[in-house]
Amino acid sequence: MRKQPTDATVYLNGQFMPAQEARIPVLDRGFIFGDGVYEVIPVYSGHPFRMEQHLKRLQRSLDAIKLANPMTMAQWSRLVRRVVALNDGADQAVYLQVTRGVAKRDHAFPSHVSPTVFMMSNPMSAPARKLVSSGCACISATDNRWLRCDIKSTSLLGNVLMRQRAAEAGCLETIMFRDGFLSEASSSNLLVVRDRAVTAPPNNHLVLPGTTNDVVIELIRKARIPLELREIPEDEVRAADEIWLTSATKEVLAVTRLDDRPVGGGKPGPVFRRVHRLYQDFKRTVMRRG
Ligand code: PDD
């Protein structure tokens, strides 16, 4: 029988233990300030997908918050594989988090403190067939988050409130606009299709550089589908033929309703269907290679 999240095996500061036995001191700066960064790595048939890219982004997040990486890439990689092996399920989502550690409460960084390293893995299932074939509904909002959305920080209150708005509206995500331009969604990146050409916002401080988005962009380039990376005005998004969400756990999904109006024909479009197929093929190839 599959383990419940509470009896999953987690990693905390050098030790493996059942999730319900893992304890963090209340003065951990992750708890007090949200002073930490994280990653979510999808695992298919036991193989971590794009692990190197996730670990490189972790390094960029750590550099941005001036926190030394407590492990080498090889150590991270071994640890991820170990946590996967200790948990049930061929497909899993590994969550890892590094915080600045435990210290007397003071906004300034403490000296000589060890970071807290936590890792868990939860069973993951690919988006339901129906969601892929029908698409999802989203709402929109003004992006009111901070100006360093490129850091994968555990301080996620802005994203949490946006995602909750979507949940209360019976939608999957909130699509955000800042100063009249598309940024990203509560926990996904976005691409837009018009006249069979794909446009995506460039990576900058206003969006998380998505690992799934990178895969999708590589596949689009390989398939020679027209692609432009540039700022996308809100009216262009609202007039799009297709809008797609990407994230490690959602893969690539079509948005078929935005603010209760259909996107394009109200069904996943032809460019989405092609790229979704390419994504599934790519995943299978990578998994076969191991
Ligand atoms: N979220 N933008 C935001 C704000 C995100 O939180 C995420 C992912 C993405 C997509 O990134 P990637 O393709 O690397 O998953 C974009 C993860 C899955 C989460 O917080 O659970």
Side-chain angles (χ1 to χ4, degrees), residues 5 30 34 36-44 48-61 64 76 80 91-99 118-127 131 136 138-167 172-178 181-192 200-220 229 232 243-253 255 275-276 279 282-283 286:
V37 295
Y38 77 105
E39 276 298 324
V40 178
I41 308 174
V43 174
Y44 299 112
F49 184 66
R50 291 256 154 166
M51 177 150 62
E52 192 187 331
Q53 286 82 352
H54 281 278
L55 294 178
K56 281 190 176 150
R57 185 172 64 186
L58 174 70
Q59 182 66 58
R60 289 200 299 276
S61 296
W76 277 117
V80 168
D91 293 354
Q92 303 180 23
V94 171
Y95 174 93
L96 65 90
Q97 158 173 337
V98 185
T99 78
F118 171 67
M119 199 182 290
M120 64 180 167
S121 188
N122 293 313
M124 179 184 73
S125 30
L131 188 57
C136 67
C138 292
I139 53 168
S140 69
T142 299
D143 195 342
N144 59 8
R145 300 170 305 156
W146 71 332
L147 296 173
R148 288 305 308 272
C149 298
D150 55 317
I151 304 173
K152 202 161 173 62
S153 162
T154 57
S155 310
L156 281 174
L157 196 50
N159 303 66
V160 165
L161 294 176
M162 287 294 172
R163 170 71 183 97
Q164 181 59 21
R165 263 201 223 196
L172 190 66
E173 278 279 42
T174 299
I175 291 179
M176 294 180 277
F177 296 98
R178 198 191 287 266
F181 291 93
L182 180 67
S183 52
E184 58 183 346
S186 344
S187 60
S188 335
N189 294 111
L190 293 159
L191 299 101
V192 167
N203 282 341
N204 57 27
H205 60 292
L206 302 178
V207 296
L208 185 79
T211 53
T212 318
N213 215 48
D214 283 348
V215 174
V216 167
I217 284 173
E218 278 172 36
L219 295 172
I220 289 170
L229 301 183
I232 311 173
I243 302 174
W244 314 342
L245 292 173
T246 62
S247 94
T249 45
K250 295 185 203 81
E251 303 183 343
V252 50
L253 285 179
V255 178
V275 170
H276 184 266
Y279 192 89
F282 180 75
K283 242 174 64 180
V286 171

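Computation of the quantities below employed the complete heavy-atom set of this structure, encompassing side-chain atoms and omitting hydrogens, waters and symmetry-equivalent molecules. These numbers were taken from a predicted model, which means no experiment stands behind them. Atoms within each ligand, like the ligands themselves, are counted from 1 in listed order.
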Give the residue and atom name of whichever protein heavy atom lies nearest to atom 7 (C) of ligand 1, and the separation in Å to one decimal.
Ser187 O, 3.3 Å
contact_flag Ser186 ligand 1 heavy-atom lt 4.0 Å:
yes
How far is atom 21 (O) of ligand 1 from its nearest protein heavy atom, and which residue and atom is that?
Val40 CG2, 3.7 Å
Sub-3.5 Å N/O-N/O distance, Arg57 and ligand 1
yes
Residue, atom and distance of the protein heavy atom nearest atom 10 (C) of ligand 1 read Asn189 OD1, 3.4 Å
Identify, with sequence neighbours excluded, every residue that meets ring-ring contact (aromatic ring centres under 6.0 Å, His included) alongside Tyr279.
none
Can you report which non-hydrogen protein atom sits closest to atom 15 (O) of ligand 1, along with the distance?
Ala248 N, 2.9 Å
So is Tyr38 close enough to ligand 1, meaning a heavy atom under 4.0 angstrom away?
yes
Show your working on side chain to side chain contact (heavy atoms under 4.5 Å, CB included) between Arg57 and Leu208 and close with a plain yes or no.
CA-CA 10 Å; Arg57 185 172 64 186; Leu208 185 79; 3.5 Å; yes
Kindly indicate, with the supporting measurements, whether the criterion side-chain hydrogen bond (donor to acceptor under 3.5 Å, both in side chains) is fulfilled by Ser188 and Glu173.
CA-CA 8 Å; Ser188 335; Glu173 278 279 42; 2.3 Å; yes
Residues Asn189 and Gly210: closest non-hydrogen pair is OD1-CA, 3.1 Å
Should you measure from each heavy atom of Asn159, which atoms of ligand 1 turn up under 4.0 Å away?
4 (C)
Salt-bridge test for Arg163 and Glu184: reply yes if a basic N is under 4.0 Å from a carboxylate O, no otherwise.
no
Measuring from atom CZ of Arg145 to atom CE of Met176, what distance do you get when rounded to the nearest 0.5 angstrom?
3.5 Å
From the candidates Glu39, Arg50, Lys152, the one that places a heavy atom nearest atom 1 (N) of ligand 1:
Lys152
Within reach of ligand 1, part of Cys149 (heavy-atom separation under 4.0 Å)
neither
Check this for me - ligand 1, Glu184, N or O atoms closer than 3.5 angstrom, yes or no?
yes
Hits for ring-ring contact (aromatic ring centres under 6.0 Å, His included) against His54, two or more places apart or cross-chain, chain-then-number order -> none
Verify the distance criterion only: is there a donor paired with an acceptor across the side chains of Lys250 and Ser187 at less than 3.5 Å?
yes
Lys/Arg cation over aromatic Tyr44: Lys283, 6.0 Å, 45° cone
yes
Protein contact of atom 12 (P) of ligand 1 - nearest heavy atom, named by residue and atom, plus distance:
Thr211 OG1, 3.5 Å
So between Val215, Thr212, Val216, Val207, whose heavy atom ends up nearest atom 13 (O) of ligand 1?
Thr212
Quick one: which ligand 1 atoms are inside 4.0 Å of a heavy atom on Gly210?
11 (O), 13 (O), 14 (O)
